[in-house]
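Data first, discussion second: the structure below is written as structure tokens.
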Amino acid sequence: MIYFDNASTTKPCEKSVRYLNEYLTDKFFNASSIYKQGIDNKTAITNCKKLIAKTLGVEFKDNVIFTGSATEANNLAILGSVRKNFKKLIFSAGEHPSVYNTALDLQNKGYNVEFVNLNKNGSVDIADFKNKLTPDTSFISIMHVNNETGAINNLNELISIKNRICPNAIFHSDGVQAFGKLKFTLNRDIDLYSISAHKIHGPKGVGALYVKNKAKLNPIVFGGGQEYNLRSGTENVAGIMGFTGAIEEINYNNSIESIKSYIIENLNPNFKVNGEETSPYILSLSYKGINGETLVHMLENEDILISRGSACSGSKVGNRILTAMGLDKDSVVGSIRLSFSRYNTLGEAKIVTQKLNDFSTKLSNL
Ligand code: PLP
């Protein structure tokens, strides 16, 4: 099998599975228990938080909260920050549904919510961002890397604009497709940053939110007061340890860039790349006149797994993001997404490129 759908989820690495196993069996204890086994597990959790802070390049000050997914981390970031007196909330039109639909819900509840347009390269339109920000903006959420196109938003630039226009606004970024993939130091003016274990060879069902100032956040899940009272629920020690294993194995020196560039250089030129200066991990393509879904299934028959767009948005995949970047209907219908991991090889890229060329020619001649 060739697996080119790593933006959807990744195969857990050996170390992640080993830690998961260890903490599901021998070390199954409740991290809130006051005997040694519980305390040891709490320490293991804290060590994972320190590792996350280190990977982000921020100081660790009990400022990482584990959640049951990045979807939940995004919900916590937004709904836990929002206050009745918030004047204006800004989101990008390219956000993942876990941010986008939360924003729509706030809009339905009467908040002043605005969406910033995307450029044709898939990132946030800076001029529109500047236009939409006003001194009374209270909250901003702009993702780091888009999950459908790999478009990268320049968070440093966005933060410096925000600091000029509305320095007190809270700034959140969904970092799910950036963390552990792009090498960066988190801008110190970012207030909230969400990540997910299963996108970097860790287990599903484990997310985390970096929180610069816990005092500004309210819980959205109530209960026993775990995670500094910001996310109650018995800690998922095994999952968190699986996350630790995945983070310990992060390797920025890999050959992913060459896989992506091989495909781009050798594909039938009727395939257009959606987006510019995108993450090496994601390649969004459109071929006008063929149906991307058909292509996905033709490849599936050859044991090659790719995606039609975001796995999270079902049959309407790709539409919102690609349309927001200005793609016409035929390009949206003809879109596919390939996404890579360090386990992929150039040999696999060669096979997939050949198959894409063969199948697209067949389909376009129908
Ligand atoms: N944000 C982005 C950009 C994603 O790609 C995903 C996963 O598809 C999520 C959030 C949600 O992550 P999780 O599956 O951990 O809820």
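Quick caveat, the model's predicted, so the values are computed rather than measured. One-based numbering, in listed order, for ligands and for the atoms of each. All heavy atoms count here, side chains included; hydrogens, waters and symmetry mates do not.
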[X] heavy atoms, cut-off 4.0 Å: which ligand 1 atoms fall inside?
X	result
Ser196	13 (P), 15 (O)
Ser98	10 (C)
Thr71	11 (C), 12 (O), 13 (P), 16 (O)
Ser69	15 (O), 16 (O)
Asn147	3 (C), 5 (O)
His198	13 (P), 14 (O), 15 (O)

Close N or O approach (Ala7, ligand 1; < 3.5 Å): no

Proximity flag Lys204 to ligand 1, non-hydrogen atoms under 4.0 Å: no

Close approach of Lys199 to ligand 1, heavy atoms, under 4.0 angstrom: yes

Just verifying a value: how many Å separate Lys88 NZ and Ile90 CD1, rounded to the nearest 0.5 Å? 5.0 Å

Name all residues meeting the ring pair (Phe, Tyr, Trp, His ring centres under 6.0 Å) criterion together with Phe4; count only those two or more places apart in sequence or in a different chain, and write none if there are none. Phe340

Just jot down the ring pair (Phe, Tyr, Trp, His ring centres under 6.0 Å) partners of Tyr3, sequence neighbours excluded, or say none. none

Using 4.0 Å as the upper bound for N to carboxylate O, is an ion pair formed by Asp189 and Lys162? no

Check the orientation of Phe184 and His144. Use parallel for under 30°, tilted for 30 to 60°, and perpendicular for over 60°. perpendicular

Scan side-chain atoms only and decide if Ser138 and Arg83 contain a donor-acceptor pair under the 3.5 Å cut-off. no

